[in-house]
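Notes follow the structure.
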Protein chains: 2
Amino acid sequence: MTLQEVARVAGVSPRTVSNVVNGYEHVAPRTREQVQAVIDALGYRANAAARSLRTGRTGLLGLVVPALDQPYFAELARAVVREATGAGFTVVVDQTDGDPDRERELLLQGPRGAMFDGLVLSPLALTARDLLDADATRPVVLLGERTVDTAFDHVHIDNVAAARAAAEHLIGTGRRRIAAIGLQTEAHTGRQRAEGFMLALAEAGLPAHPHLLRYVEAYDRASGFAAMSAMLDGDLRPDAVFCFNDMLAIGALRACLTRGVRVPGDVAVMGFDDVEEVRYTTPSLSSVRPDRDAIARVAVGRLVARVERRADGVGPAQDVTVPHELVLRESTGPA
Amino acid sequence: MTLQEVARVAGVSPRTVSNVVNGYEHVAPRTREQVQAVIDALGYRANAAARSLRTGRTGLLGLVVPALDQPYFAELARAVVREATGAGFTVVVDQTDGDPDRERELLLQGPRGAMFDGLVLSPLALTARDLLDADATRPVVLLGERTVDTAFDHVHIDNVAAARAAAEHLIGTGRRRIAAIGLQTEAHTGRQRAEGFMLALAEAGLPAHPHLLRYVEAYDRASGFAAMSAMLDGDLRPDAVFCFNDMLAIGALRACLTRGVRVPGDVAVMGFDDVEEVRYTTPSLSSVRPDRDAIARVAVGRLVARVERRADGVGPAQDVTVPHELVLRESTGPA
DNA sequence: TTGTATGCGTTATCAC
DNA sequence: GTGATAACGCATACAA
């Protein structure tokens, strides 16, 4: 079932059928009607491969995340797919498991990468070097702050300010031995949240005891559980803990309850991301809520603008900060 | 950068370059070496659209699920993406939100033209009529039991047996007023799990009190919370509740704890799906674990076999049952 | 083992 | 406003 056949049946040229299919304006209403009737009758669908070959575009956007089964990325993916669909694009989701090679390969349009018109990349392990070396031929939007002067658009929340606000809230409710779980040596996110946390402590004149600063390998429940358990088994017990994402916080919460440590009575727990799950833990978790819909909207918007070479799609890389807010629930006690 | 140019630079014909690119066997080692060198030097990458147009295949598999931010589907998606990647395919994930029209549309043709070589579809609202009418031109694997004689492969667990085993376990620990949350009038999954539940009750000579049989609109935490709350506010309090998925169970758990109802002391709670999340609730949730990896492996395997027209990829539709197991944790008390 | 030539289905460039 | 026709880049039937 090709455009040619439709043209033959409708008694017009392929050109005219193409015009109808693509909603070209200058087609006689009567002609359009007749052609459309034939299209419907024959159930004709344009061949995506042929169209791509001809136009050089695929209608595919890539979304690259560390892992789809992490609730934050699953929720983000949902939002991105919705946005892209609205803009007439289809989303291909790729998982990297934080493998730098895979992230790099996708950034540089490896085997699969060549297929996309554009890419939303949530890098976990990409270095400044990678970003500077990257000479991508297609538009790329990076999620996360712009740490180095690249040609890529960036979309992010203000992680430093968000973490600082979270820590300030804990301090404001009278907590004094405040711990942090989720520090990382490399990853930008972990470093920025640590920075905000430290700023709040310094500002309040509180010490940052090494025992209360916990590095983790991964931002998952198991790591949060392990880190909190280790902390509770030590001599210096925190009276509050700020976890750099919700999964860590859920693991930490479980560690507390398992040991009979009351939350928020003995320890206040604060998470980050505000995934759906934290509303249903017991106690429910306070968290920092990035405006996920805004992230998806802006990221897809920038990408589509560049792919379609719209007026707002040319020019230098943009750096967009979207809002976040502190969501207070039971785990941090009454304000 | 086309295959033609590579051929010109290498001083061979396009045919030879194509042979090298596609790993065709009968190429002189020396020729292969030289051509490969040119390919590397020029950074040549085959044009996916042209290849698709020529071969009629895209290397894309579609995965259609109700919603990516439901943990079960996120975890399933992750497994499917991993399997497909291993088989040299890329996965496009689509969400239907349980919209029958979208499911039907995707079953029949997929978005943006028939871009997929095959489809894994997890239907929520598709009717027998839809499946019988469907005259898909591409291979489709349906997740969920084969309720009507279609031409599609099916992959599923034995929902009736699984639900029955779960209920039997609750009965075996001495519970007598056993409730179920998650009944549905249409969806097959809900009906099959209800059937298994009822069988276990009947077998034990226990009544199925209407107050303890809860229908829900959606399989999410909020619905579980609402259903359990309503039940606890009534006169007949259950001493156990079997929720037809983990999200319902998490909502139910939260409802119990909010009201001071002890779990598992006053009420035992059992979930279904065994998503990562239920290991970290307090108390941790017992659940039925479908072998998700097996589901993904079989589904992608069947699909790829048919797409590649392998020996095991022809012939009538297959119906594959994969294993499940009961995972006992704190919420159902000691066995 | 490798070269030549053709066509996949579409859109775009020219005419009319 | 519409028709004829030429690419787009690749894989393969057929030839050599």
Side-chain angles (χ1 to χ4, degrees), chain A residues 1-36 38-39 42-60 88 109 111 114-115 117 137-138 307-309, chain B residues 1-39 42-60 88 109-110 112-117 137-138 307-309:
Chain A
M1 178 52 38
T2 77
L3 186 145
Q4 300 275 354
E5 300 180 52
V6 174
R8 197 159 355 103
V9 174
V12 297
S13 80
R15 164 67 199 256
T16 301
V17 178
S18 180
N19 283 344
V20 172
V21 168
N22 294 295
Y24 184 63
E25 294 180 33
H26 302 291
V27 178
R30 196 200 163 85
T31 310
R32 179 187 300 282
E33 221 172 273
Q34 292 173 339
V35 171
Q36 188 60 53
V38 174
I39 289 176
L42 271 55
Y44 165 77
R45 316 272 311 176
N47 179 310
R51 177 175 287 169
S52 288
L53 178 57
R54 185 57 224 206
T55 62
R57 284 179 35 194
T58 61
L60 255 38
Q109 64 191 341
M115 191 159 49
D117 289 341
T137 56
R138 291 164 291 97
V307 167
E308 297 182 343
R309 294 197 154 67
Chain B
M1 177 52 38
T2 75
L3 186 145
Q4 299 274 354
E5 300 180 53
V6 174
R8 195 155 0 99
V9 174
V12 297
S13 80
R15 166 65 198 256
T16 301
V17 178
S18 179
N19 283 343
V20 171
V21 168
N22 295 295
Y24 184 62
E25 294 182 32
H26 304 291
V27 178
R30 195 199 165 86
T31 310
R32 178 187 302 280
E33 221 171 88
Q34 293 174 338
V35 171
Q36 189 59 55
V38 174
I39 288 176
L42 270 55
Y44 165 76
R45 316 216 62 105
N47 178 311
R51 178 175 283 168
S52 286
L53 180 57
R54 183 59 228 232
T55 61
R57 286 180 34 192
T58 60
L60 254 38
Q109 49 217 1
R112 298 197 58 82
M115 201 164 42
F116 309 133
D117 291 341
T137 55
R138 292 163 287 100
V307 167
E308 296 182 343
R309 293 196 154 68

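The figures here come from the full heavy-atom set of this structure, side chains too, leaving out hydrogens, waters and symmetry mates. In what follows, chains are A, B, ... by sequence order, proteins preceding strands, each numbered from 1.
Residue-level contact check: B:Leu3 touches the backbone only, with heavy atoms under 4.0 Å from sugar-phosphate atoms and none from bases. Backbone-only engagement by A:Thr16 is indicated by non-hydrogen atom pairs under 4.0 Å involving sugar-phosphate atoms exclusively. B:Ala46 comes within 4.0 angstrom of the backbone, heavy atoms only, and of no base. Using a 4.0 Å heavy-atom criterion, one finds that A:Val12 contacts the sugar-phosphate atoms exclusively.
A:Ala49 approaches B:Ser52 most closely through the heavy-atom pair CB-CB, 3.5 Å.
Mapping B:Val17 and A:Ala49 onto DNA chain C by nearest heavy atom places B:Val17 at the nucleotide closer to the 5' end. Between B:Leu53 and B:Gly11, the residue whose closest nucleotide on DNA chain C is further toward the 5' end is B:Gly11.
Of all nucleotides in DNA chain D having an atom under 4.0 Å from a heavy atom of chain B, the first and last in 5' to 3' order are D:dG9 to D:dC14.
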Give every donor-acceptor pair under 3.5 Å between a side-chain atom in residues 21-33 of chain B and any protein atom, sequence neighbours left out.
| residue | atom | partner | partner atom | Å |
| --- | --- | --- | --- | --- |
| B:Asn22 | ND2 | B:Ser18 | O | 2.8 |
| B:Asn22 | ND2 | B:Ser18 | OG | 3.3 |
| B:Arg32 | NH2 | B:Tyr24 | O | 2.8 |

**Request:** Tell me, with the steps shown, if A:Arg138 and A:Val307 meet side-chain contact (heavy atoms from CB on, under 4.5 Å).
**Result:** CA-CA 8 Å; A:Arg138 291 164 291 97; A:Val307 167; over 6 Å; no
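Near DNA chain D, meaning a heavy atom under 4.0 Å away, the residues from residues 24-33 of chain A are A:His26, A:Val27, A:Ala28, A:Thr31.
Using a 4.5 Å heavy-atom cutoff, the side chains of A:Arg57 and A:Glu308 are in contact. Looking only at side-chain heavy atoms (C-beta outward), A:Val6 and A:Met1 come within less than 4.5 Å of each other. Counting only heavy atoms from C-beta outward, the side chains of B:Leu60 and B:Asp117 never approach each other to under 4.5 Å. Contact annotation: the side chain of B:Arg8 approaches that of B:Glu5 to within less than 4.5 Å [non-hydrogen atoms, C-beta and beyond].
Within the model, atoms CG of B:Leu3 and CD1 of B:Ile39 stand 8.0 Å from one another, a figure rounded to the nearest 0.5 Å. Here A:Leu53 contributes atom CG and A:Asn47 contributes atom CG; the two are 9.5 Å apart, rounded to the nearest 0.5 Å.
Rounded to a whole Å, the CZ atom of A:Arg8 is 12 Å from the P atom of C:dG9.
Judged as a side-chain hydrogen bond (donor to acceptor under 3.5 Å, both in side chains), and not counting sequence neighbours, the contacts of B:Gln36 are B:Asp40.
Side-chain N/O atoms of A:Thr55 include none lying less than 4.0 angstrom from OP1 or OP2 on C:dT11. Distances shorter than 4.0 Å separate some side-chain N or O of A:Asn22 from OP1 or OP2 on C:dT11.
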Give me, pair by pair, the N or O atoms of the protein and of nucleotides 5-7 of chain C that are less than 3.5 Å apart, along with how far apart they are.
| residue | atom | partner | partner atom | Å |
| --- | --- | --- | --- | --- |
| C:dG7 | N2 | B:Arg54 | NH1 | 3.0 |

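A donor-acceptor contact shorter than 3.5 Å is absent between the side chain of A:Thr16 and the backbone of A:Val12. Between the side chain of A:Thr58 and the backbone N or O of A:Met115 there is at least one donor-acceptor pair closer than 3.5 Å.
Each end of the helix from C:dT1-D:dA16 to C:dC16-D:dG1 gets its own axis from five base pairs, and the two axes differ in direction by 30°, given to 10 degrees.
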